[in-house]
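To start, the structure under review is shown below, and the notes come after it.
Note that these values count all heavy atoms, side chains included, but never hydrogens, waters or copies made by symmetry. Keep in mind that what you see is a predicted model, and the values were worked out from it rather than measured. To find a chain, count down the sequence lines: A is the first, B the second, and so on, and within it residues start at 1.
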2 protein chains.
Amino acid sequence: MKMSEIAELAGVSIATVSRAFRSPEKVRPEVRERILRICEKHNYIYNAAAGDLSRQRTNILGVLVPTANKSVFGDTVMAIQEKAQELNFSTITGNTLYDKSIEEKLLLQFQERRVAGTILTGFTIGGEEFIRQLMRQKIACVVIWEKLDAPDINYVGFDNYKAAYGATDHLISLGHKRIGLIVGPHEKVGRVKKRFEGYKRALEDHGLTFDPSIVVSTEPDLLEGRQAMQQLLSAPQPPTAVFAASDRLAIGGLATIKERGLRVPRDISVVGFDDVEFAAYCDPPLTTVRVPAKEMGSLAVKVLHDAIVNGNEKVKQYCLDTDLIIRGSTAEPRKSSFGQ
Amino acid sequence: MKMSEIAELAGVSIATVSRAFRSPEKVRPEVRERILRICEKHNYIYNAAAGDLSRQRTNILGVLVPTANKSVFGDTVMAIQEKAQELNFSTITGNTLYDKSIEEKLLLQFQERRVAGTILTGFTIGGEEFIRQLMRQKIACVVIWEKLDAPDINYVGFDNYKAAYGATDHLISLGHKRIGLIVGPHEKVGRVKKRFEGYKRALEDHGLTFDPSIVVSTEPDLLEGRQAMQQLLSAPQPPTAVFAASDRLAIGGLATIKERGLRVPRDISVVGFDDVEFAAYCDPPLTTVRVPAKEMGSLAVKVLHDAIVNGNEKVKQYCLDTDLIIRGSTAEPRKSSFGQ
DNA sequence: TTGTATGCGTTATCAA
DNA sequence: TTGATAACGCATACAA
């Protein structure tokens, strides 16, 4: 069933049928009614691809995310889909697994589908030029989960540097002098690098020395967090507190601490990053940095929508707030640490 | 840049260019080379929508999931996307939030995009007829996370009934006589209903009476699990073990138990369902039912691919295995329960 | 192996 | 307010 058949049944031209959908005000109400009834009756379903082709524009959004199931990316992806649906956009989502070649394949797929816009979760370091290339193809872009320095690229993110600084600062202000770090792949991922730098800077600002022997960089996952914590606890001079730059890492670390018969926060403090839902249900509940996962998703869609539908050319850059959620996993270091 | 321009530059017809992509064997190697080089040089990007329109067939898959960020659905969705990408399919994913009207909107969107196939995560009870309707529109369908009775509908699921039976049976065989249940919305969701029935039947088979006063049905989430457990513990005769038909529910419940100063599994045993990654990191590690989340996703895509690309008409029904993962949250009931 | 010509289901321009 | 018709970018049947 296509428009021309509906047109015939309704005794009008195909153009009128099209208008009945896209600009109802331009067609006489009775005619419109008749058309819609016939569509209903014969179960007509609009062909979006044909329409897109003719209109030279789709309402598909491409979404690139490292892993939709990990961390709180899932919340972001879901918020994107909800908002997109609300604004009558379809989304096609791809998981890059932090892999450059997959990312490229996905992006090509997006281009072939002529997506109207793309949402990039962070980007590979040095990827600005790549994004500009997309923009030149008239594809609206917005980077999320990151705050960029580039003045010409949309983003809806938060300050990873500042958030990490704050988390570390929290530990310092509790009196910790020896603070370990478990962090993701900071060589590859911009936002992770920023967290690393925030940690380091907080240390330096308070006259604490940065000690690479209590810093572990690994994949941001539970098992890896577990192993990383083993490494930290086995250091010649183990830390009294650890900042894990992702909750998965932190929760994995908690397991190791428990295995060793140590207690949190009595023997060691731990702060995470993300505030995944389970963080509040850990034992003890995890002190962590809450990130505006859902907000970023829906706001990013709004930015794209505004650029695509309203043709708004202005660069939009939103740096949202994060919150340090203090729960039970952080406390002052044991007095014994100081020689009791 | 479109095919006709490439054709001109290459000094061949547009048909040849098209063939260079879709049936390379039908074009002389040198010509093909030349065409590809020119495409490369001028940065030609294939227009999938135009191709789809002409070919009267897309390679888009529609994926319907209750919530992509909850439970282990995220694993399934991601597996779907990976497999789809591997087979050169795009996926468009929608979250229904268990809402009938959203589901319908999403499905309409899928139809408008002329998806070649859809993956439905379970379905609303009585939705068989609806699926058949999609099938009549030549849309390949496969239901996941569920085992269906209908002989004509593809599915890649597991036996929710049996899995729940097994979990309950585990508790019974440990010696528990009074076993509570926390379960999702079993009136709405087929697979949840099956779990409910599995629990009930296990009780009956062992001569234990089903007591509605220690059964709570609620949204399958952490907070709800917490509240449900409060309700169970406040019952006139509280259970010595609880089967929570989702890990989120179980983990929420664990928090309540801890708050009350009780200990797991000494005072009460808990078994969950899903085996989310955090289950192994709970305190104590959660005994739970592992579900083949990723396998279902990739296998479902394969089924669709086979039906779409190879035109395989045979109904495919896969019932995958689940495993009861026994960890630290279940044990024999305290002797005192029996009157010590 | 290559080219010609037609069709895919819409939208949009221009007249009526 | 409506209709006729030319795009839109590609695939394919058929002819060469």
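Of all heavy-atom pairs between B:Val27 and B:Arg32, the closest is CG2-N, 4.0 Å. The two residues B:Ala84 and B:Thr91 have their closest heavy-atom pair at CB-CG2, 3.4 Å.
Around atom CD of A:Glu25, more than 12 heavy atoms belonging to other residues, nucleotides or ligands sit under 6.0 Å away. The number of heavy atoms from other shown groups lying within 6.0 Å of NZ (B:Lys294) does not exceed 12.
Of the possible polar contacts, one joining the A:Thr121 side chain to the A:Leu64 backbone as a donor-acceptor pair under 3.5 Å is found.
Look at CG on B:Asn59: it is 15 Å from P on D:dC10, rounded to the nearest Å.
The residues B:Glu129 and B:Arg136 are annotated as salt-bridged, a charged nitrogen and a carboxylate oxygen being separated by less than 4.0 angstrom.
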Could you walk me through whether A:Leu134 and A:Thr118 pass side chain to side chain contact (heavy atoms under 4.5 Å, CB included), step by step? CA-CA 9 Å; A:Leu134 290 175; A:Thr118 61; 4.3 Å; yes
Applying side chain to side chain contact (heavy atoms under 4.5 Å, CB included), run through B:Leu148 and B:Glu128 and close with a yes or a no. CA-CA 9 Å; B:Leu148 305 183; B:Glu128 287 99 331; 5.9 Å; no
When you check every protein heavy atom under 4.0 Å of nucleotides 10-16 of chain C, what one-letter string (B, S, -) results, 5' to 3'? BBB----
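Residue B:Gln56 has no polar side-chain atom (N or O) positioned under 4.0 Å from OP1 or OP2 of D:dT12.
For the segment residues 25-35 of chain B, the set of residues with a heavy atom within less than 4.0 Å of an atom of DNA chain C comprises B:Lys26, B:Val27, B:Arg28, B:Val31, in numerical order.
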